Q: 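Got a structure here, written out as structure tokens. Questions coming.
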Amino acid sequence: MTGFLKQLGRMAALVVVAGLCSALLLRYSPGALVDERQMDQRLSENSLAALRAERAANANVGANLLRYLRGLPGGDLGYSTSRNAPIAELIGDAAPETLRELAVGLIGGWLLGLGFAIPAGRFRQAWAYEAASVLAAGLLLSLPAALLAYFCFAAGAQVEIVLVLVLTPRIFQFARNLLVQAYGSAHVAMARARGIGEMRILAAHVIPAAGPQLLALVAASASMAIGAAIPIEAICDVPGLGRLAWQAAMARDLPLLVNLTMLVALATTIALAASEELAHNGTQREAARAR
Amino acid sequence: MSVVRLAAILFLSLVAVAALTPELWTVAPYNVQFREAPEAPPSRQFPLGTDAIGRDRLSRLLYGTRVSLLLAPAAALLSCLEAAALGAMAAMAGGFVDRAVLASAELFLSLPWLFVLLTVRAFLPLNTSPAASVAITFLLLGMLGWAAPALVVRAAVRKLKQSDFMLQARAAGCRPGQLLFRHLLPNVMPVLLGQFWVAVPVYILAEATLGMVGLGVVEPLPSWGSLLRELESGTGLTSHPWLLAPAMLLAAVVGSFQLVMPRQDYSV
Amino acid sequence: MKRRPRNSRTTERGAKRSSTSLEARAAPCAFPISAALGLIAAVVLFVVPASPVSSGPGGELRFSLHGEPKTLDPLLMADEHEEAVRYLTEGVLIRINRLTQQPEPELATSWKVSRDGRQIVMQLRRGVTFPDGSAFNSADVVHTFQCLLDTALHSAIADSFKTGKGTIKVSAEGFYTVIAEFPTPVSQIERMFDQVAILSAHATKRPAPGLGPFLIAERKPGVAILLKRNPTYWKRDADGKRLPRVDSIRLDIQQNRDLELVRFLRGDVGLIDKLTPELYERLKVEAPNAVIDAGPTLDTEFLWFNMSAQMNLPEYKREWFRSAPFRRAISQAVHRADLCRVVYRGHASPAAGLLSPANRLWFKQDLIPDTFDPAAALKRLAAAGFALHDRALRDRALRDRAGNAVEFSIITNSGNETRERMAVMIQQDLAALGMKVNVVTLDFPSLLDRITRTLDYEACLLGLTNIDPDPSGLMNVLLSSASNHPWDPAEKRPQTEWEAEIDRLMLAQASTADYRRRKQYVDRVQQILHDQAPLIYLLHPNALSAVSTHVAGVKPSAFFPHTFWDAEHLALK
């Protein structure tokens, strides 16, 4: 229980630090103190001065933080200046779209990535498959997400496929090398020599051997997916959290971006904690089996 | 040596020669605008056609190859080295160091680093040379890209720490440095190589995306990233399939490097 | 304890076979795994519910906004996306016909302007009701202007009605007469009411259903805004049938123009109000009947140098930028025809000055763009003390009197392909003069920061979107004391005689209602800007749009909104 509470405390602290860091990064980046509306030639000097003052007030990190902490217990996440709407409402509207996209992207990416990596790891001498899979992965990695989105859109496919196509080659590259190493280990050769079937070798020897790293890769792929979702949503006009984050960054909307960063930090830290826990359990089971 | 490896080596050599001697293969340098022939299709004079303002695409592709092939692998190498150092250190040391590295990785994965890049651009003089500007962009990408692979390296090292050969090495009196460099790191090479080969095209594409916020390579210097940006508008592809040439070349080069690498070097 | 092999028979069999044959037998096993995993992946991908499919046209006109409106308050709507929604949902007293550029009665059936141009008396339309059932009358107009001129509301529309000498006063005379009095004479006073949405005095909050042809039925943030026909809309067509003709309009939020084009070709979208030149040419090949080039807009693209006293630059660079011959030489060295032909694919015209030829009322007809003449440019530079030094065959550098090589940077906003290409072409044009130009693209907030706050830049390439043809709309750009004065914002006093003259002329034209006198002043301003070139005008882009053959009644205009300015008359075939 104490361990769990400590972990929870650590996660909360990380989320707050992430929020503070992103606030500082944004506040001191160029363009934080200007507003696009200033370019409207109809605005009078008074209005321009008011705009600048409003911008400066919104860019005050300390004041924003206090306001945020006061409102947080009541579920008030602040107000977005660029979207003119409460942040809780914006996140509530955008989150389901992104969650769906991430779920499909990660499941699809892992199924395809692992699906292609297993034969690549198993048949190192199958040069045709090796060459084809490496080149295909390289091609997918080389195509801009916007082009993948365009192809998917033109073919009438769902936009989630873009995330699958972006994640698959990354997962394939990592997983292939891990599986090559695992397949090449002595105990697998021994198992094969003893006549154990390939399915059993894969399930009982290869996957467990590569397990902890694959689990770490799951967590890393979750954060890769979140990172990839932002430009994909921005390019494909998907009304999710990624597009919201991109627009907040372009508009230098401090309250909105801080909230989104904290959300990303929370998701990342949960994913990592989960993979650590799974990896730890896996290691313990392996050690028990060895005894 | 296998046929595939030989073919890959030959291909890479051809690319290197072409990139280093573009004047032998093209009619003009990459920045000359043939304004009477914008968006021209492939021809004898322009084997890959011209771009929107009449510049020879082949010339830009060959010059861009130099920029990207030099800088993207360097950035990828930097991020791999950082990942190896921090991930291994965290796993070996454990305790507070491990927690600190893990927390830093989580923080790095969550923060909007775009603003760091924008701030660096703001501090750079406006008359920074294109070469310096793109080198700085890739350097930053390399410095910021360590977090995800470091987590995988850390997991690998933690597992390997408990393995028999490590116990044996410790029992034989190996010092921590020897354990790290002679035994652990060679065994995490598959992970690092995976990260390296993913990072090279990812950084090239990232440079293209960063171009949308003014952080990419500065005109008129071409790079694969800036050439790949032209692909983002997919509507022209069916009528201009030669636009895919940079993507095909990038995929072929990255794939060839991987095929050239001997697999036995990192298998246990 | 001795461990027994799990399966001794398997072990015996396995021991007899060679590893190669084992591999060969095992060969099929890994592939079924991959196939199974791939199949599961395909099922997951295609069974997962897709985004809601569009309901198709059938009474609903669909087109896209290229950005999300930040506000639906009609008094605060300022950018193009917001203006589009306001145009479709709100009623105005007097509307400018986008084709003829003439004011037409809307909620005001007639009006009379006083001789001194300070007062307008409007007769309001009777029998008009708001969707909430309340009758439209003069109280609503007075209420609208009270809200608009609230000092706490910093609205661009409101600021148009404010001058240094006070604000407009609007009063009612009976239920259907409204009197608006301005503190200073205003030429073509009636044109100002085109942008003011009339609110209901009974509405308790904003936005509230208005007097336009459509009402906001639904808003899905980031996705779309659905407008439905206003059942109480007052307008009828020539046959006496109620307008609008379409049942609803769906405004999709779509920033990706390529995807918008795909949707247009598929028939999901009925019109594209603003096309880029590249997409226009692509669409022309696939659907030649759909594209429209309505001619030059009021917009302009230009380049200027930082002449601010606060700029943090070496003194020799300040001298270059402040030198009129230097700026004129650059203007002569830029190939405007090439910019129009190559970047805009012929859908732009070279610019002579601030006002576009499309602005027939105010454009100075005898003003011609600087012709491309590098030789003349070099002569002008030589007269100003610059000289071309050939250090090596490939290294021609223009140097000033002190021997400094002419090198400067041009900043422009990234992500705007046409501007980026223009900057690169200008870079090559100026290289012919021996100038080294660095093109630096920045994201818009960073660019804005440099040109308005830090003033840390040398030259900037940007564009101006002119909504209002009247030159008074440019006061906040041309007055030297204005914050939006590009080359030297918020000057305490004009740094040069010509700037002082521009100030005098702009203030003079704003204080008289006599068109002929105003035209003289504005002509002189245009001439000064041309001669001194603080802003090097490059071109005026054309209005490019696309309309599906399924949409009838579109009358394309060079002025915003280009295709749906007459939305109540649009119909679906």
Side-chain angles (χ1 to χ4, degrees), chain A residues 10 14 17-18 21-22 25-26 28-31 124 127 130-131 134-135 137-139 141-147 150-151 154 169-170 173-178 180-181 184-186 212-213 215-217 219-220 223-224 226-227 231 235 245 249-250 257 261 264-265 268-269 272 279 283 287, chain B residues 2-4 99 102-103 105-107 109-116 118-119 121-122 147-149 151-152 154-156 158-159 162 187 190-191 193-195 197-198 201-202 204-205 208-209 213 228-229 231-235 237 246-248 250-255 258-259 263 266-268:
Chain A
R10 201 184 69 81
L14 188 86
V17 168
C21 287
S22 74
L25 277 174
L26 190 151
Y28 293 104
S29 68
R124 286 173 287 159
W127 58 267
E130 171 79 5
V134 162
L135 289 171
L139 185 64
L141 283 170
S142 308
L143 292 176
L147 183 62
Y150 175 80
F151 284 145
R170 288 159 171 79
Q173 295 277 30
F174 274 110
R176 182 196 61 165
N177 291 343
L178 287 173
V180 162
Q181 189 184 28
S185 51
Q213 293 154 80
L215 284 168
L217 186 56
S223 67
M224 259 192 269
I226 293 167
I235 289 160
M250 290 299 105
L257 198 66
T261 305
V264 168
T268 306
T269 197
L272 278 169
T283 312
Chain B
S2 79
V3 171
V4 170
R99 285 196 299 276
L102 192 63
E106 287 170 1
L107 204 60
L109 289 170
S110 315
L111 290 179
W113 291 111
L114 176 68
F115 295 108
V116 169
L118 287 171
T119 307
R121 172 69 256 186
L151 294 173
V152 185
R154 175 179 164 271
R158 277 173 93 180
K159 180 173 173 287
Q162 311 304 325
N187 284 294
V191 164
L193 275 170
Q195 157 63 16
W197 291 121
V198 166
V202 163
I204 287 172
L205 284 175
T209 309
V213 291
L228 287 168
R229 262 186 77 190
L231 285 179
E232 284 171 8
S233 168
T235 45
L237 271 184
M248 308 295 285
L250 172 59
V253 165
V254 169
Q258 291 184 71
L259 292 172
R263 303 299 294 279
Y266 55 82
S267 297
V268 171

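Chain naming here is simple, since letters A, B, ... match the order of the sequence lines and numbering starts at 1 in each. Keep in mind it's a predicted model, so treat the numbers as computed, not measured.
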Q: Thr119(B), Ile204(B), Val253(B): which one forms the most heavy-atom pairs within less than 4.5 Å of chain A?
A: Thr119(B)
Q: If you compare all heavy atoms of Ala18(A) against all heavy atoms of Leu111(B), which two are closest, and at what distance to 0.1 Å?
A: O-CD2, 3.3 Å
Q: To check you understand the geometry: which heavy-atom pair defines the closest contact between Leu109(B) and Val264(A), and what is its length?
A: O-CG1, 4.3 Å
Q: What option among Ala148(B), Pro201(B), Pro149(B) has the most heavy-atom pairs under 4.5 Å with chain A?
A: Pro201(B)
Q: Do you know which two heavy atoms are closest between Ser110(B) and Ala265(A), and how far apart they sit?
A: OG-CA, 3.2 Å
Q: Which heavy-atom pair separates Leu107(B) from Cys21(A) by the least distance, and what is that distance?
A: CD2-SG, 4.4 Å
Q: Please give me the minimum heavy-atom distance between Glu106(B) and Leu272(A), naming the atom from each residue.
A: CG-CD1, 2.9 Å
Q: Tell me, for Ile226(A) versus chain B, whether the close heavy atoms (under 4.5 Å) come from the side chain, the backbone, both or neither.
A: neither
Q: Does the side chain of Arg10(A) come within less than 4.5 Å of Leu102(B)'s, by heavy atoms?
A: yes
